[in-house]
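See structure below.
Keep in mind that what you see is a predicted model, and the values were worked out from it rather than measured.
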Amino acid sequence: MLVKIGLCKGTSMKPSQGGYEEVFVLVAADKQDQYGQIVEETTGIRLSKKQLEDGIRDFYDTLKGKQVCVPVYTRPWKSKAGSVGQDTWLSNENGGKPVPLVSSAQLKAAS
């Protein structure tokens, strides 16, 4: 299972080229840029139509400002013009809800 760990920034909507609106869970995490500076990077995790119908968007809006560990999967794509990329989607594992964060101290105590 892949996860995205960071600060939940709630959800956002963006119009797509197909005429409908895409919904994303926003997760921000610190990373180092090319100059060695720490910058915040926000990842938009796409929600499926089924997840929207199940109310998962409202659930993530309640987590705004909290640390989360979100289950995700990636899907690569290639445009007709030849550009390539990948989208990050919310996984259905754990019902699409965040999985508990476990510290290294908790892992040592469990073994």
Side-chain angles (χ1 to χ4, degrees):
M1 171 193 322
L2 292 174
V3 294
K4 180 67 179 174
I5 299 172
L7 186 67
C8 182
K9 297 281 190 164
T11 60
S12 178
M13 290 175 52
K14 175 178 117 176
S16 74
Q17 293 178 352
Y20 59 93
E21 292 194 333
E22 299 171 326
V23 180
F24 299 86
V25 172
L26 304 177
V27 177
D30 290 339
K31 78 171 217 170
Q32 195 172 20
D33 69 8
Q34 63 186 3
Y35 305 106
Q37 303 297 309
I38 301 298
V39 295
E40 182 179 85
E41 177 183 63
T42 302
T43 301
I45 302 167
R46 295 174 124 188
L47 300 178
S48 69
K49 182 178 176 182
K50 172 82 168 95
Q51 290 165 334
L52 286 171
E53 291 169 356
D54 290 345
I56 200 76
R57 177 184 185 185
D58 296 333
F59 178 79
Y60 275 98
D61 280 334
T62 66
L63 297 176
K64 190 173 183 177
K66 295 183 178 165
Q67 190 78 4
V68 292
C69 184
V70 182
V72 299
Y73 68 94
T74 59
R75 184 181 294 166
W77 55 265
K78 182 176 180 181
S79 74
K80 291 178 184 175
S83 59
V84 295
Q86 70 179 16
D87 292 329
T88 304
W89 290 80
L90 181 65
S91 172
N92 284 324
E93 290 186 50
N94 199 38
K97 295 184 178 176
V99 294
L101 290 169
V102 179
S103 70
S104 58
Q106 289 172 315
L107 287 174
K108 288 179 185 175
S111 46

Looking only at heavy atoms, what is the nearest atom pair of [X] and [Y], with distance?
X     : Y     : result
Glu40 : Lys9  : OE1-NZ, 3.6 Å
Ala29 : Ile5  : CB-O, 3.7 Å
Tyr60 : Gly96 : OH-O, 2.6 Å
Ser12 : Leu26 : CB-CD1, 3.7 Å
Trp77 : Gln86 : NE1-N, 3.3 Å
Pro98 : Phe59 : CD-CE2, 3.4 Å

| field | Non-hydrogen side-chain atoms of Thr88 and Lys4 separated by less than 4.5 Å | value | no

To the nearest 0.5 Å, what is the distance between [atom1] ([X]) and [atom2] ([Y])?
X     : Y     : atom1 : atom2 : answer
Asp58 : Leu63 : CG    : CG    : 11.5 Å
Asp33 : Lys31 : CG    : NZ    : 8.0 Å
Thr42 : Leu7  : OG1   : CG    : 9.0 Å
Tyr20 : Met13 : OH    : CE    : 12.5 Å
Leu90 : Ile45 : CG    : CD1   : 7.0 Å
Gln17 : Glu22 : CD    : CD    : 9.0 Å

Hey, any chance [X] and [Y] share a hydrophobic cluster, counting ILVMFWY side chains that come within less than 4.5 Å of each other, even indirectly?
X     : Y     : value
Val25 : Tyr73 : no
Val72 : Leu52 : yes
Val68 : Phe24 : no

| query | Quick one: which of Val70, Val99, Val27 gives a side-chain contact (heavy atoms from CB on, under 4.5 Å) with Val3? | reply | Val99

